[in-house]
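Before any comments, here is the structure.
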Number of protein chains: 2
Amino acid sequence: MARTQGSHSGITGPRVREVALKLFAQHGYAAVSMRQIAREVGVQVGAIYNYTPDKQALLFSLLEGHMEELLAAWEAEPRPEAPQDRLEVFVRFHIRFNLARPQAIFISYMELRNLEPAHFAVIETLRKRYEAALEEILRDGQATGAFSVPDTRLASYALIAMLTGVNTWYREGGRLSIAEVADIYWDMVRKAVAAG
Amino acid sequence: MARTQGSHSGITGPRVREVALKLFAQHGYAAVSMRQIAREVGVQVGAIYNYTPDKQALLFSLLEGHMEELLAAWEAEPRPEAPQDRLEVFVRFHIRFNLARPQAIFISYMELRNLEPAHFAVIETLRKRYEAALEEILRDGQATGAFSVPDTRLASYALIAMLTGVNTWYREGGRLSIAEVADIYWDMVRKAVAAG
DNA sequence: GTCTATATCGGGATAGAC
DNA sequence: GTCTATCCCGATATAGAC
């Protein structure tokens with residue numbers, strides 16, 4: 001059977017998400033129009049609405065998909081015994097994962113305020129689950145005496161901010177490889193929380 | 001002489017800036033309309049254009065004013081001899097200054113991509129001057145042997161990101177005072193860059 | 001599934017009266 | 001310096017043909 005003229009056998013949906021992710025990261029959710037997304041995908045604007053009920057749902061779906069992927073990837077990481085080893089796994093994982101998805105990371109931090117309250121609450125819950133993983137490592141290390149942190153909650157915020165900051169300056173093909181960057185950051189993190 | 005009816009003897013200008021800062025921080029530059037700003041100021045939209053040629057210039061003026069204030073405030077800080085003491089001054093200054101101006105800090109990080117290229121370049125130059133101040137401290141301490149950082153450039157990025165992150169979670173009236181937060185962050189920073 | 005056409009709305013910015 | 005009125009444009013979203 002011949003397809004309806006102009007039909008694209010199911011590739012338009014993923015393309016819409018790709019393009020929206022790219023444009024939202026580049027110009028910001030509020031500054032990007034559905035027309036612009038359609039143009040870049042190569043369809044008319046009406047066609048977009050076969051894949052999302054509206055613009056807001058598109059943003060939410062991108063953010064939720066990203067957070068689910070983050071949590072799944074973290075849970076698939078090895079989980080050594082010693083808190084110090086777990087912290088090292090976390091640091092290297094966070095840098096590697098974030099640098100592999102700069103656009104998704106970017107909108108995850110920048111576009112939260114453009115989510116409707118109900119959508120915002122969902123994303124916040126997922127984000128807190130990830131942050132809690134780091135804080136648990138710090139608490140364990142504090143309990144065993146491996147770490148000495150005055151406040152595990154603040155330390156987890158401080159470390160996440162520091163590690164996430166890599167995305168603001170890292171450029172592919174630059175002076176350092178991702179592994180080298182992770183080495184340097186791990187050195188600072190290790191010392192920052194070290195006991196004695 | 002009686003003033004023209006509706007004239008406000010020069011308070012509307014500052015009010016426009018205040019309100020724009022607040023709304024841009026709350027909803028994002030692209031999502032805020034000139035009508036919305038006018039409504040909150042209490043004038044008609046036409047009146048706004050007595051104080052800015054257009055919306056873009058308003059954003060730029062806010063960001064530039066903030067950066068100039070930041071640099072001036074930093075240059076007014078004490079400058080002790082020892083790099084370690086200078087680093088402590090920087091850490092405490094950065095946290096204190098940022099927490100005193102959460103809205104300006106927020107738009108300084110979030111709205112850079114909404115600046116026209118020429119405006120963006122100006123802000124970037126100012127921002128780099130501030131970052132260079134921290135890197136210089138780290139290089140000095142590395143030279144005297146007070147610090148041991150594998151890469152002063154990366155360390156400066158890491159520390160700035162960590163310190164600026166305070167603004168994402170700190171709330172007035174919370175568990176910790178600003179001074180206590182600064183103590184805790186200084187402890188982590190000190191250890192992260194320490195020699196030996 | 002995609003298209004064209006359109007309803008409806010709100011945006012930035014300006015002109016000219018007061 | 002502020003107001004009212006308006007120009008012109010582009011936004012989201014939908015309807016109905018193919």
Side-chain angles (χ1 to χ4, degrees), chain A residues 1-24 26-63 107 111 113-116 118-119, chain B residues 1-24 26-63 107 111 113-116 118-119:
Chain A
M1 291 275 278
R3 289 189 178 278
T4 305
Q5 192 190 18
S7 176
H8 284 78
S9 45
I11 68 160
T12 300
R15 280 284 293 146
V16 167
R17 294 173 61 84
E18 267 174 53
V19 168
L21 176 62
K22 189 190 91 173
L23 292 178
F24 288 167
Q26 218 160 67
H27 308 290
Y29 171 77
V32 172
S33 70
M34 296 298 264
R35 281 172 165 83
Q36 206 177 337
I37 295 171
R39 197 185 323 131
E40 198 124 338
V41 171
V43 294
Q44 293 300 315
V45 67
I48 299 279
Y49 289 89
N50 289 317
Y51 303 97
T52 180
D54 53 34
K55 193 184 171 190
Q56 167 73 201
L58 183 51
L59 174 63
F60 173 64
S61 163
L62 289 172
L63 291 181
I107 68 168
E111 304 300 352
R113 64 182 164 183
N114 287 310
L115 288 173
E116 288 166 2
H119 289 157
Chain B
M1 290 277 278
R3 291 187 176 277
T4 305
Q5 190 189 20
S7 176
H8 284 78
S9 44
I11 68 160
T12 300
R15 280 285 294 147
V16 168
R17 295 174 59 84
E18 266 174 55
V19 167
L21 175 63
K22 189 190 90 173
L23 293 178
F24 289 167
Q26 216 160 70
H27 308 291
Y29 172 77
V32 172
S33 70
M34 296 297 265
R35 282 172 166 83
Q36 205 176 338
I37 296 172
R39 196 185 326 130
E40 197 125 337
V41 170
V43 295
Q44 292 300 313
V45 68
I48 300 278
Y49 288 88
N50 289 318
Y51 303 97
T52 180
D54 53 34
K55 193 184 171 190
Q56 167 72 203
L58 183 52
L59 174 62
F60 174 65
S61 164
L62 289 172
L63 291 181
I107 68 169
E111 304 300 351
R113 63 182 165 183
N114 286 310
L115 288 174
E116 288 166 3
H119 289 157

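Proteins come first, then strands; the chains are lettered A, B, ... in the order of their sequence lines, and each starts at number 1. If you're wondering where the values come from, they're calculated on a predicted model, not measured in any experiment.
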Out of [options], which has the shortest distance to the side chain of [X]?
{"X": "Asn50(A)", "options": "dA13(D), dT14(C), dT2(C)", "answer": "dT2(C)"}
{"X": "Gln44(A)", "options": "dC3(C), dG1(C), dG12(C)", "answer": "dC3(C)"}
{"X": "Ala47(A)", "options": "dC3(C), dA13(D), dG1(C)", "answer": "dC3(C)"}
{"X": "Lys55(A)", "options": "dA13(D), dG1(D), dC3(C)", "answer": "dA13(D)"}

By the 4.0 Å heavy-atom rule, please label Val32(B) as base, sugar-phosphate, or nothing. sugar-phosphate

Would you say the side-chain atoms of Glu40(B) pair up with the backbone N or O of Val19(B), donor to acceptor, closer than 3.5 Å? no

Donor-acceptor pair, side chain of Gln56(A) and main chain of Glu116(A), under 3.5 angstrom: yes

In whole angstrom, what separates [X]'s [atom1] from [N]'s [atom2]?
{"X": "Leu23(A)", "N": "dA11(D)", "atom1": "CG", "atom2": "P", "result": "12 Å"}
{"X": "Gln36(B)", "N": "dG10(C)", "atom1": "CD", "atom2": "C1'", "result": "11 Å"}
{"X": "Glu116(B)", "N": "dG12(C)", "atom1": "CD", "atom2": "C1'", "result": "14 Å"}
{"X": "Arg35(B)", "N": "dT4(D)", "atom1": "CZ", "atom2": "P", "result": "13 Å"}
{"X": "Asn114(A)", "N": "dA11(D)", "atom1": "CG", "atom2": "P", "result": "16 Å"}
{"X": "Ile48(A)", "N": "dT14(D)", "atom1": "CD1", "atom2": "P", "result": "14 Å"}
{"X": "Tyr49(A)", "N": "dA15(D)", "atom1": "OH", "atom2": "P", "result": "13 Å"}
{"X": "Gln56(B)", "N": "dG12(C)", "atom1": "CD", "atom2": "P", "result": "13 Å"}

Minimum heavy-atom distance between Gln44(B) and Ala38(B), given as atom pair plus value: C-CB, 3.9 Å

Looking at Val16(B), Ile107(B), Leu63(B), Leu59(B), which hits side-chain contact (heavy atoms from CB on, under 4.5 Å) with Leu21(B)? Ile107(B)

Does a nitrogen or oxygen in the side chain of Thr12(A) sit under 4.0 Å from OP1 or OP2 of dT2(C)? yes

If only side-chain N and O atoms of Ser33(B) are considered, is one of them under 4.0 Å from the OP1 or OP2 phosphate oxygen of dG11(C)? yes

Approximate separation, where rounding is to 0.5 Å, of Ile37(B) CD1 and Phe24(B) CZ: 4.0 Å

